[in-house]
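Structure first, commentary second.
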Amino acid sequence: MTAADYSEKIPNNVDLREDRRLQRALESWQPNFLRWWESMGPALPTHDVYLRTAVNVGREGWAHFGHVPMRDYRWGVFLAERDRDRRVAFGQHKGEPVWQKVPGEYRADLQRLIVIQGDTEPASVEQQRNLGATAPSLYDLRNLFQVNVEEGRHLWAMVYLLHAYFGREGREEADELLRRNSGSSESPRILGAFNEETPDWLSFFMFTYFTDRDGKYQLGTLKESAFDPLSRTCEFMLKEESHHMFVGTTGVDRVVERTVQLMIEHDTDDVGPHGGIPLAVIQKYVNFHYAVSLDLFGSETSTNVANYFTAGLKGRWSEERRADDHRLLDDSVLVDGITEDGRIGQTEVAALVGLNTDLRRAYISDCRNGVNRWNRILDSAGMPQRLALPHIAFNRKVGAFKGIEATPDGELISAEDWARRKGRWLPTDLDKTHVRSLMRPVHERGKIAAWIAPPRQGINGKPFDYDYVHLG
Ligand SMILES: [Fe+2]
Ligand SMILES: [Fe+2]
């Protein structure tokens with residue numbers, strides 16, 4: 001059952017042809033999706049793009065690479081293979097067989113979780129819609145489009161679940177996923193970070209590093225779900241998602257690398273006049289995107305999330321590798337917050353209500369890897385400067401720190417102080433204007449913009465100067 005059926009209108013490995021009603025429902029959603037893609041997807045006209053398409057969900061050879069016109073991309077429904085012995089790994093149903101149908105009492109909560117995840121997928125495509133016009137190379141342009149088509153496929157993954165398991169309400173929610181738009185004032189996307197614009201390529205790399213990584217952690221918790229179709233869907237999405245983070249990680253690598261070259265060449269930190277992005281500006285972009293992404297994990301404490309865990313809807317990151325009872329009824333945890341005497345500190349809560357904090361901490365330690373990597377680039381060039389993640393209380397709009405202001409070092413400061421100093425820590429209009437001024441398209445084969453270093457390798461064994469995209 002692992003091979004995808006491409007003879008159908010909607011490629012799938014879920015035997016769609018066996019369920020005519022579901023097939024018809026999804027086939028009638030398909031033209032709406034394509035209309036959305038045409039009007040809200042990549043704006044740059046292209047003839048075709050060297051893209052990978054999922055053809056198999058097995059361990060090896062799951063993807064096929066080739067030039068395809070983007071509107072002909074075969075978006076499909078793919079679930080990871082089913083494990084017939086799989087059992088619930090946590091919560092009050094621990095040890096019971098996983099669910100192939102949605103239990104009535106959890107229907108509303110599961111639907112909500114799927115809608116929230118589903119909403120982020122088309123949102124990022126919308127946010128990145130205009131980036132093609134300023135791509136630094138055809139290689140980067142291709143990576144952008146790869147991320148875009150796969151976020152489109154992730155939307156399909158969530159819409160399949162809504163259609164297959166949630167009846168009329170599910171179908172209505174699937175329509176709403178195409179009706180909301182990133183940044184719209186009447187019907188914005190559900191989560192804040194997905195209504196921010198992605199106006200330049202440094203933002204895009206930061207987004208794919210920090211915000212797609214949030215996606216990885218959210219999918220990781222849903223992969224643990226007792227609702228097996230959701231678990232299998234997310235497992236396969238995670239496979240695609242790792243490429244998105246690769247784009248972010250290596251994208252920032254290459255910006256740092258180029259900045260360092262210019263610093264050495266011109267013996268100055270101020271590489272702006274020499275066509276580069278100063279390290280101080282890169283740091284501000286890190287600060288901004290990291291804080292916005294931390295907000296996506298929600299409040300430090302949440303009874304909703306405690307209930308999701310107990311019910312078996314959403315687990316922890318690496319649930320099965322945790323050495324505890326997977327029920328957490330008697331455990332406690334320290335969460336970040338403002339202490340009784342008004343300082344930034346920690347307070348003790350029941351482990352179940354602190355699960356957002358648990359997930360956020362797994363995410364933070366993962367984010368450190370990127371910063372260490374970028375610092376190694378600085379180190380091996382003999383540079384004393386270092387990049388850093390800001391303090392958890394810095395520039396937060398959600399959770400315990402939303403009412404206070406703190407420096408990147410975690411020092412509590414007044415609102416006036418913040419207003420006066422924030423331009424040192426977050427991108428100013430001047431910084432953004434400079435970055436945008438560098439965003440001139442390089443759409444010529446084998447060429448690259450001056451603010452970024454070329455990649456070490458091409459895609460799928462192809463060289464950097466391969467014709468990854470044919471413009472339209
Ligand atoms: Fe995604
Ligand atoms: Fe992604």
Side-chain angles (χ1 to χ4, degrees), residues 33 36-37 40-42 49 51-54 57 62-63 70 73-80 113-129 131-132 140-162 174 177-178 180-182 189-191 193-198 201 203-223 225 230-252 289-290 292-293 296-297 314 317 359 363 366-367 370 459:
F33 169 83
W36 166 81
W37 177 264
M40 300 304 290
V49 182
L51 292 173
R52 90 177 166 187
T53 305
V57 297
W62 64 274
M70 264 197 291
Y73 189 78
R74 302 299 311 275
W75 286 280
V77 175
F78 309 113
L79 274 59
L113 287 170
I114 291 167
V115 165
I116 290 174
Q117 179 60 43
D119 194 65
T120 66
E121 313 289 355
S124 64
V125 176
E126 293 164 357
Q127 289 171 291
Q128 296 159 15
R129 169 170 165 70
L131 286 174
D140 290 290
L141 187 58
R142 176 267 167 207
N143 284 347
L144 166 72
F145 292 152
Q146 183 69 55
V147 170
N148 292 160
V149 292
E150 282 173 352
E151 300 303 6
R153 205 205 65 73
H154 293 173
L155 172 60
W156 270 99
M158 293 297 127
V159 164
Y160 163 73
L161 293 175
L162 290 170
L177 287 170
L178 296 177
R180 282 185 294 272
N181 288 137
S182 179
R189 293 295 176 184
I190 297 169
L191 300 171
F194 292 88
N195 288 302
E196 299 278 349
E197 48 177 339
T198 309
W201 279 76
S203 300
F204 173 62
F205 293 138
M206 293 292 173
F207 184 96
T208 41
Y209 187 82
F210 288 109
T211 308
D212 276 283
R213 191 171 310 274
D214 156 74
K216 165 183 162 183
Y217 281 82
Q218 303 301 342
L219 292 175
T221 65
L222 297 175
K223 188 187 78 142
S225 183
L230 175 60
S231 163
R232 292 164 54 208
T233 301
C234 292
E235 190 178 336
F236 188 64
M237 289 164 75
L238 277 165
K239 212 167 195 169
E240 291 167 313
E241 205 59 47
S242 70
H243 174 71
H244 308 180
M245 284 170 286
F246 161 86
V247 169
T249 310
T250 57
V252 180
H289 286 271
Y290 177 67
V292 166
S293 301
L296 289 170
F297 291 83
K314 195 177 164 184
W317 181 253
L359 189 64
Y363 168 81
D366 193 353
C367 287
I459 291 297

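Counting begins at 1 with the first residue of the sequence. Note that ligands are numbered from 1 as they come in the structure, with each ligand's atoms numbered from 1 the same way.
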Whether R232 engages the ring of F236 as a cation-pi pair (distance to the six-membered ring centre under 6.0 angstrom, angle to the ring normal within 45°) should be assessed. no
Is the backbone of F210 close enough, under 3.5 Å, to the side chain of Y363 for a donor and an acceptor to pair up by distance? yes
Within the distance-only criterion (no hydrogens, no angle test), does the side chain of S231 pair as donor or acceptor with the backbone N or O of K223 below 3.5 angstrom? yes
Counting C-beta onward and ignoring hydrogens, is there a side-chain heavy-atom pair between T208 and M245 closer than 4.5 Å? no
Write the atom name of the N, O or S atom in D212 that is nearest the Fe ion (ligand 2). OD1
The Fe ion (ligand 2) -> E151, closest N, O or S atom is OE2
With the Fe ion (ligand 1) at the center, what angle do ND1 from H154 and OE1 from E121 span, rounded to 10 degrees? 100°
Angle at the Fe ion (ligand 2) between ND1 of H244 and OE2 of E241, to 10°? 100°
Could you tell me whether the Fe ion (ligand 2) has an N, O or S atom of E150 under 2.8 Å away? no
What I want to check is whether the side chains of E126 and W36 have a donor and an acceptor closer together than 3.5 Å. yes
